[in-house]
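Taking it in order: structure first as structure tokens, then the write-up.
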Amino acid sequence: MFDDLLDANRRYATSAPRNFDGYAHAGVAVVTCMDSRLQPLEMIGLMLGEAKILRTPGGHVTADALNGCVLGVNLLRVNRIMVIEHTRCAMASGNDDEIRQRVADASGLDAGELSVGANPDQVGQLRADVALLSEHPLIAGRAEVGGFVYDVDSGLLTQVC
Ligand SMILES: [Zn+2]
């Protein structure tokens with residue numbers, strides 16, 4: 001089932017980057033969506049070793065993403081956090097009821113209490129997530145936080161807050 005990926009890994013291992021630390025050398029953390037159209041490092045001109053990347057459905061600042069940012073800021077040299085949502089994101093295309101229905105339709109199963117935090121108010125969500133980070137006592141005054149939308153058609157980032 002995973003043979004193609006493990007074969008690729010053996011090729012990768014011949015030249016995989018090694019022997020460097022786990023700090024974010026550009027001082028950057030990015031919280032962004034799991035969407036396969038996004039290349040978080042490439043879109044801001046960074047390389048391996050330079051940033052912490054936290055990916056969630058919708059790029060929302062979930063509890064785990066928040067924890068990652070706290071660790072990044074206090075232990076891993078992060079001093080700028082970008083929260084990046086994107087156009088045509090499924091997580092901004094409806095609310096959780098609609099997402100649950102789509103999962104149920106696709107699977108033929110009851111999606112039960114599945115809760116993914118979908119929010120059609122994308123900019124409102126982004127502002128709230130930026131506030132959550134920038135007002136956190138272990139982040140406030142230690143890192144700048146910005147909210148952005150990435151346009152999957154143009155490749156451009158726009159700062160919202
Ligand atoms: Zn998305």
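First listed ligand is number 1; within each ligand, the first listed atom is number 1. Owing to the predicted nature of the structure, the values given are computational and were not obtained by experimental measurement. Heavy-atom basis, side chains included; hydrogens, waters and symmetry copies ignored.
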Can you give each donor-acceptor pair under 3.5 Å made by side-chain atoms of residues 3-11, sequence neighbours left out, with the distance rounded to 0.1 Å?
unit_1: D7; atom_1: OD1; unit_2: R10; atom_2: NH2; d: 2.9

Any salt bridge (charged side-chain N to carboxylate O under 4.0 Å, His left out) involving residues 112-134? Give me the pairs, sequence neighbours left out, ordered by first then second residue. none
Do D151 and L157 come within less than 4.5 Å of each other through their side chains, counting heavy atoms only?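 No; the side chains remain at least 4.5 Å from each other.
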Quick check for you: to the nearest 0.5 Å, what is the distance between Q122 atom CD and M91 atom CE? 10.5 Å
Approximate separation, where rounding is to 0.5 Å, of R80 CZ and I44 CD1: 8.0 Å
What is the number of protein N, O or S atoms that sit under 2.8 Å away from the Zn ion (ligand 1)? 3
Could you list the residues that satisfy side chain to side chain contact (heavy atoms under 4.5 Å, CB included) with T158, not counting sequence neighbours?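 Side chain to side chain contact (heavy atoms under 4.5 Å, CB included) check on T158 returns nothing, list empty.
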